[in-house]
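See below for the structure under consideration.
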Amino acid sequence: MKLQDTLELHVKAAVKELFRSDLESVEFQATRKEFTGDITVVVFPMLRVVKGNPVVIGEQIGQYLQDNVTLVKGFNVVKGFLNIEIDDSYYVDFFNTIKNQSNYGFASLKDDKAVMVEYSSPNTNKPLHLGHVRNVLLGYSVSEILKASGKKVYKTQIINDRGIHICKSMLAWQRFGNGETPESTGLKGDKLVGNYYVEFDKAYKTEIAELVVQGQNEEDAKKNAPILLEAQEMLRQWEAGDAEVVALWEKMNGWVYEGFEETYKAIGVDFDKYYYESQTYLLGKEFVAEGLKSGVFFKKEDGSVWCDLTEDGLDEKIVLRADGTAVYMTQDIGTAIQRIKDYPDVGGMVYTVGNEQDYHFKVLFLILKKLGFDWAKNLYHLSYGMVDLPSGKMKSREGTVVDADDLIQEMADTAEEISKELGKLDDYSEADKKELYKTIGLGALKYYILKVDPKKRILFDPKESIDFQGNTGPFIQYTYARIQSILRKSNIDENITLSAAEVSLHDKERELLKQLEQFPEVIQNAASQHSPALVANYTYDLVKDFNSLYQNVSILGADKEEEKVFRVQLSKTVGQTIKNAFSVLGIEVPERM
RNA sequence: GGCCACGUAGCUCAGCUGAAUAGAGCACUGGAUUUCGGCUCCAGCGGUCGUAGGUUUGAAUCCUACCGUGGUCACCA
């Protein structure tokens, strides 16, 4: 049983015996550094049940605990705070239970409904950029955290593969492409298709300018530009199933998917299942028809279908256009239902989508509830803030978009520069070195993004993101590598288990053990709050405590053999915990760096 | 304008399901190595927790108003 749970029972018993009152709960907090003790009971909330002076009450409870609970070895009361000192044997026993658990902190799979986590969900007309990077890192990490908390998880995305955007790229490629392919140009497929999207925009603008010269006003010119009309015609042909257009669409989307896969692989994320808008919007239309019958939706005179959400404090929302074609909402309804059909064990879903779509998801979840799906109550919009650059917002038109592939490469390059200066890798092969630079560069990037609360905006300062000191990924990786170095040099018997009597704890060791004890709870909290930031910040605190110990005591040069054994084992366990924590953030740890 | 989110040290962020003197990192200043990896550690400097009210024994945390920033209010996605 956890320390806090044990103490809670005893505090309740104490209050029962001393004051003949029943407490519903007991409030604990870690004892602040400036006071003596390991864990603190806050007396104030008890005053509602037990009348009296908080200091006196604290003293009485403290005395009771000291007399009746063996692991309580002392106490003191400051104001309304009862600081309890815990016997070292508790921490040593705790350590012995976890020291060989390679999966420490992770809960075993609970017999519970699975969760589907959607992330990435790109359009197929341009490459991934920094904004997608945050999305992908968050979604992947939340998936891993949910798994670590004991849930079955499916990772997925919805690919926006149909619509005018891809037709624009297709048309431009037809006109200006001269049959170029990723193979013939050596370009990644998503980059190639993205280039033609830009080409389209250029041609479009030229045509608008020409029409304006010919006397049209700008608004009309934007609507009448021939190339735009042609793109719209192409979309109609696609919807009509024109064989040639569909073949081109399949070819160019295929290029994009290959490009995306390369980027996902470079980032180190994966998916269990892909959904395509082109395959789910029809199901959405079916359910709109059904909702119309059951009265969830209503039809306007022009034939468009709406959902009235005014009773819920929202507006009316369109779910089908007057011409009968699907809107965004239609296909999201279809996609959600399709997913539950495909995976009947799924009881809830997490949508990783930027906060500009907060309203959309509020409405989507409400509509699914109205349609009567019981899983609709377990839908969560993992809403995250924009990524800004020091120069302001990213704007594709102004060319300030940070490309995902470029970014990953730059991070690795920077890691290489810094590592070379410090040079500890002379005996590494070139391939191993490259792999390591990628690990460090990606570690820096991922940690920089994940340590911030998802809902907050991120200011992405390239200079700061590649910082290696302080609260950064490489700092934590460095500590891990340093621990591995100790383990390589130590030659202790791994299987020794020291009893509490054989170990006397250094203050820093006790701090570290308390910190280690928190890890499983951190994972659970991060899961329920969908926040990798909690894991990131925890890991940093753990690492700081380890470095402090490292600086204060000699591990391999400990005076006594038992001390050395204990410290090496402790170091190993800290290393394992760093590794586990980082694994749910999607960050690798190096043996050396 | 309506609705939503955010506002904590010069900068980047924790703390936000209420509790002790609001914590880290960067930057700046000063220290530590006959020692296991100095990408380290220790200390100092730095705060009207956006503003004003309210609830409470107790508010950065909860409530209200206002200010600032961003988002959103499409038969776009």
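B:rA60 and B:rU8 have their C1' atoms separated by 7 Å, given to the nearest Å. The separation of B:rU33 from B:rC39, taken at their C1' atoms, amounts to 16 Å, rounded to a whole angstrom. Comparing B:rA22 with B:rU55, their P atoms are spaced 24 Å from each other, to the whole Å.
Backbone-only contact: A:Leu534 has heavy atoms under 4.0 Å from sugar-phosphate atoms and none from a base. Within the 4.0 angstrom heavy-atom criterion, no nucleotide atom of any strand lies near A:Ala533. Using a 4.0 Å heavy-atom criterion, one finds that A:Ile318 contacts the bases of the nucleic acid, with or without backbone contacts as well. Residue contacts shown for A:Asp453 are limited to sugar-phosphate atoms, with no base heavy atom under 4.0 Å away. Using a 4.0 Å heavy-atom cutoff across all strands shown, A:Asn83 reaches at least one base atom of the nucleic acid. Contacts of A:Gln357 with the nucleic acid, taken as non-hydrogen atoms under 4.0 Å apart, include base atoms. Nucleic acid contact for A:Met593: base, since at least one base atom lies under 4.0 Å from a heavy atom of the residue.
Each of A:Arg488 and A:Lys508 lies near RNA chain B, and the nucleotide nearest A:Arg488 is the one positioned closer to the 5' end. Mapping A:Arg321 and A:Val42 onto RNA chain B via the closest heavy atom, the residue that lands nearer the 5' end is A:Val42.
Residues A:Lys456 and A:Asp453 are not paired through a salt bridge, judged by the lack of any N-O separation under 4.0 Å between the basic side chain and the carboxylate. Ion pair A:Glu416/A:Lys433 not flagged as a salt bridge, since none of the NZ, NE, NH1 or NH2 atoms sits closer than 4.0 Å to an Asp/Glu carboxylate oxygen. Of the charged side-chain nitrogens involved, none lies within less than 4.0 Å of a carboxylate oxygen, so that A:Lys508 and A:Asp545 do not count as a salt-bridged pair. Classification of A:Glu588 and A:Lys579 as a salt-bridged pair fails, no side-chain N sitting under 4.0 Å from a carboxylate O.
Atom NZ of A:Lys300 has more than 12 neighbouring heavy atoms from other residues, nucleotides or ligands inside a 6.0 Å radius. By the 6.0 Å contact criterion, CD on A:Glu34 is enclosed, its count of non-hydrogen atoms from other residues, nucleotides or ligands being greater than 12. Counting heavy-atom neighbours within 6.0 Å of A:Lys222 NZ, excluding the residue itself, gives a total of 12 or less.
The stretch residues 548-563 of chain A comes close to RNA chain B through A:Ser548, A:Tyr550, A:Gln551, A:Val553, A:Ser554, A:Ile555, A:Leu556, each having a heavy atom under 4.0 Å from the strand.
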**Study point:** Heavy-atom protein contacts under 4.0 Å, nucleotides 1-7 of chain B, coded B base, S sugar-phosphate only, - none
**Key:** ----SSS
Study note, to complete from the structure: A correct 5'-to-3' footprint of nucleotides 23-29 of chain B, with B, S and - meaning base, sugar-phosphate only and no protein heavy atom under 4.0 Å, is SSSS---
Study note, to complete from the structure: Nucleotide by nucleotide, nucleotides 57-62 of chain B touches protein heavy atoms under 4.0 Å in the pattern (B base, S sugar-phosphate only, - none) BB----
Point to revise | Test log, rule side-chain contact (heavy atoms from CB on, under 4.5 Å), inputs A:Asn355 and A:Lys455 | key: CA-CA 8 Å; A:Asn355 64 9; A:Lys455 66 176 181 253; over 6 Å; no
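For A:Tyr384, there are no ring-ring contact (aromatic ring centres under 6.0 Å, His included) partners, not counting sequence neighbours. Residues passing the salt bridge (Lys or Arg N to Asp or Glu O under 4.0 Å) test with A:Lys223: none are found, sequence neighbours excluded. When the salt bridge (Lys or Arg N to Asp or Glu O under 4.0 Å) test is applied to A:Asp312, the partners found at least two apart in sequence or on another chain are A:Lys370. Taking A:Phe44 as the reference, A:Phe81 meet the ring-ring contact (aromatic ring centres under 6.0 Å, His included) condition, with sequence neighbours excluded. A:Asp323 meets the salt bridge (Lys or Arg N to Asp or Glu O under 4.0 Å) test with no other residue; sequence neighbours excluded.
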Give the table of side-chain donor-acceptor pairs shorter than 3.5 Å for residues 525-534 of chain A, with sequence neighbours excluded, one pair per line with atom names and distance.
residue  : atom : partner  : partner atom : Å
A:Ser528 : OG   : A:Gln524 : O            : 3.4
A:Ser528 : OG   : A:Asn525 : O            : 3.2
A:Ser531 : OG   : A:Ala533 : N            : 3.4

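Checked by atom type and distance alone, the side chain of A:Ser141 never pairs as donor or acceptor with a backbone atom of A:Leu137 at under 3.5 Å.
The side-chain hydrogen bond (donor to acceptor under 3.5 Å, both in side chains) analysis of residues 35-57 of chain A, with sequence neighbours excluded, yields the pairs A:Thr31-A:Thr40, A:Asp38-A:Lys514, A:Thr40-A:Asn83.
When base pairs are accepted only as Watson-Crick or G-U wobble with both N-N or N-O distances under 3.5 Å, RNA chain B takes part in stems of 3 or more pairs at B:1-7 with B:67-73, B:10-13 with B:23-26, B:28-32 with B:40-44, B:50-54 with B:62-66.
Checked by distance alone, A:Asn125 brings no side-chain donor or acceptor within 3.5 Å of a matching partner on the base of B:rA77.
For the residue pair A:Asn253 / A:Asp161, no side-chain donor-acceptor distance below 3.5 Å is found, with atom types taken as modelled.
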